[in-house]
**Q** 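Quick one: this structure, given as C-alpha cells, is what I'll be asking you about.
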Amino acid sequence: MHMNSSSLNAPRTHATAGSSGRAWKAVIVLLMVLSACGGRPGPETLIPVANPGAGTQRVTLLAVTNRTKSASVPPVVGNGRGAPSYEEFTLQNRVSAQSSEDEFRHPSKDPSEDFVTVGRRLMDKPRFEAEVAQMAGTGDRTIAVFVHGYNYSYQEAVFRLAQLSADSDGTSVPILFSWPSDGRTAGYLSDRDAATYARDDLAGLLTSLTGVDPGRRVVVIGHSMGAWLVMETLRQLRLKGSNGVLGQLEVVLAAPDIDMDVFRKQADIVGPMSAPLTLLVSPDDRVLAASGRLSGNRMRLGRASLNDPELIALAERNGMRVMDISAAPGSDGLNHDRYVGFAARYARLEQDQQQGDELRRAGVYVLDTTGKILSAPFSAAATVLGGP
C-alpha cells in the first residue's frame, strides 16, 4: 500500500461549509491511506476448484448477504442492494498457520492467497437455519457473526472470515453478514448509506439466529464501519423491545468507525447487555485518523485512549470492556486490522479457565508486547494502563 505518511501528520484544520478545498484535501488524504497496491481477489476466486492440492485445514462457513447477484452459475455477487440470500462455502487453507501459544499470529493482508474455494452451494432461509443448528450441534459451540467494514467486496469478506475461523481453531459456527459495500476506495459515503440500508436485514438475521437455539450464545463482531452497522442494529432491537434477542448476544466492536458523540447516544439507548460489550481500540489507527478528518475532524471511537475520561465513564455506566490492542500485529502499517491477530490470541486465552473468567468481566484491558492481557477495574488504574 502506497501512501504519503507526512499527509497523515499534517496540522488539523476544521472544515466548514465554505471550505470545499479543505474538504477535498481530506478526501485525498483518505484515498491515499486506503488505496491498495496490487490486485484484489475477483469473484472467480469463489468458484470451487476440483483439485485444490494438499492443504492443512478446511473451513466451512455460512454467508448471508443483501447484495444482489447475477443470473450466472455460480452467481457473481456485486454491490447492488437487494433482499437477503444464503450460501455455504468450504475453503481449504493452502499454508500452515502454526504458531506458538505465546505468539501472535500475524494477519494476512490478502487471505484469498491463503485459501482456495472447494465447495459452494446456495440455500434458502429454512435450509440455512437448519444448517446453523446442525453445525452448532448439542455442545457449547458458539455462533459467530462477522460484519465487515467499508471497501469490502463479497469475496474479500468470505476469505477474511475463513482466516478468522481458521485462527480460532474451529471453535465457532462462522457466519458472514455482507452488506452491499461498493468495494472501492472512493465509496466511503455511499458505503455509509449501504450500511444504513442493511440495518433491518442484520436485525432479522440476529433474531433468526437467537431463535435457532434459544439460550445459545451468538457472538457478533463488527469491524470498522461494520461496527457502526452493528450498533445501529442493537439500538433498533432495543427500541423494538427485542430484549430476548439482545440477551443472547455478545458483541465485539473492532476498530469501530463511529463518531464518539454518536456512540454515546447509541450506547445509552442500548444500555448494559448480559455479556459486556467489548471495544477493541488502537489510538494509532491511521485509517480511522483519516476517517476522522473526512468527518470534520471528529474523533472516532476506535482511536480512543484508555485514559479518556468520557470513554471510561460511558463504558462504566454501560458495563463495557475496553481493550487497547495496539501491541497486536497488523498486516501493514495502517494498524486497522489488528483485531485479526488479536482474535486468535483471545481464543486461546479464553480457553484458560482463570484468564477466561477474568476476560468476561467489564473493565479496562491492555495487551503488552508479549501478548499478555493486563486488566483493571474502572478506576484510576485505567490511566496507568492507558499511559499518558
Side-chain angles (χ1 to χ4, degrees), residues 36 38-52 58-92 110-135 145-163 165 173-209 212 223 225-226 229 233:
R40 299 171 68 174
E44 71 279 358
T45 57
L46 295 183
I47 299 176
V49 299
N51 299 299
R58 285 198 172 188
V59 174
T60 297
L61 62 87
L62 303 175
V64 182
T65 183
N66 55 4
R67 299 170 183 255
T68 57
K69 297 182 177 183
S70 69
S72 61
V73 179
V76 173
V77 183
N79 61 359
R81 302 170 185 177
S85 59
Y86 307 85
E87 291 192 87
E88 178 186 80
F89 289 94
T90 301
L91 302 104
Q92 181 171 294
D110 181 6
S112 70
E113 296 179 353
D114 300 334
F115 292 87
V116 59
T117 304
V118 297
R120 179 181 185 179
R121 64 174 175 137
L122 295 170
M123 58 182 68
D124 57 18
K125 184 177 180 180
R127 179 66 256 175
F128 165 79
E129 292 178 343
E131 195 69 18
V132 172
Q134 181 177 344
M135 291 175 68
V145 181
F146 173 58
V147 184
H148 62 76
Y150 143 77
N151 191 21
Y152 260 79
S153 68
Y154 183 58
Q155 54 271 13
E156 286 173 317
V158 168
F159 286 114
R160 181 60 80 192
L161 179 55
Q163 180 185 28
S165 180
V173 179
I175 300 174
L176 168 67
F177 179 78
S178 183
W179 50 276
S181 165
D182 269 356
R184 60 190 183 94
T185 305
Y188 186 84
L189 296 181
S190 61
D191 270 15
R192 180 71 73 179
D193 290 340
T196 302
Y197 172 85
R199 287 179 299 190
D200 290 347
D201 292 329
L202 179 56
L205 172 63
L206 298 181
T207 300
S208 173
L209 292 175
V212 167
H223 175 232
M225 192 178 289
L229 170 55
T233 301

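In this chain, residues are counted from 1 in sequence order. Model, not experiment: these values are computed from the prediction.
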**Q** Enter the distance from M135:CE to I175:CD1 here, rounded to the nearest 0.5 Å.
**A**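 Separation between the atoms: 7.5 Å.
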**Q** If I take atom CZ from residue F159 and atom OG1 from residue T117, how far apart are they, to the nearest 0.5 angstrom?
**A**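 Rounded to the nearest 0.5 Å, the CZ-OG1 separation comes to 4.0 Å.
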**Q** Apply ring pair (Phe, Tyr, Trp, His ring centres under 6.0 Å) to F177 and list each qualifying residue two or more places apart in sequence or on a separate chain.
**A**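 In terms of ring pair (Phe, Tyr, Trp, His ring centres under 6.0 Å), with neighbours along the sequence ignored, F177 is linked to no residue.
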**Q** So, taking the atom named CE in M225 and the one named CG in N151, what distance separates them when rounded to the nearest 0.5 Å?
**A** 9.5 Å
**Q** Specify the closest pair of heavy atoms between S190 and R184, including all atoms of both residues, with the distance to one decimal.
**A**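 In terms of heavy atoms, the two residues are closest at OG-NH2, 4.4 Å.
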**Q** If the threshold is 4.0 Å, N to carboxylate O, is there a salt bridge linking E156 and R160?
**A** no
**Q** Could you grab the distance from atom OH of Y86 to atom OG of S208, nearest 0.5 Å is fine?
**A** 6.5 Å
**Q** About how many Å separate CG of N66 and OH of Y197, when rounded to the nearest 0.5 Å?
**A**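 Those atoms lie 5.5 Å apart.
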**Q** Checking side-chain contact (heavy atoms from CB on, under 4.5 Å) against Y154, which of S178, P43, P41, P75 comes through?
**A**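 Going through the options one by one, the only one that passes is S178.
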**Q** Please name all residues satisfying salt bridge (charged side-chain N to carboxylate O under 4.0 Å, His left out) with D201, sequence neighbours left out, ordered by chain then number.
**A**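 If we apply the salt bridge (charged side-chain N to carboxylate O under 4.0 Å, His left out) test to D201, skipping adjacent residues, there are no hits.
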**Q** Would F128 and L209 count as a side chain to side chain contact (heavy atoms under 4.5 Å, CB included) here? Give the steps.
**A** CA-CA 10 Å; F128 165 79; L209 292 175; 4.2 Å; yes
**Q** Among residues at least two apart in sequence or on other chains, which ones pass ring pair (Phe, Tyr, Trp, His ring centres under 6.0 Å) with Y152?
**A**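 For Y152, the residues satisfying ring pair (Phe, Tyr, Trp, His ring centres under 6.0 Å) (neighbours in sequence not counted) are H148.
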**Q** Less than 4.5 Å apart, any side-chain heavy atom of V158 and any of L91?
**A** yes
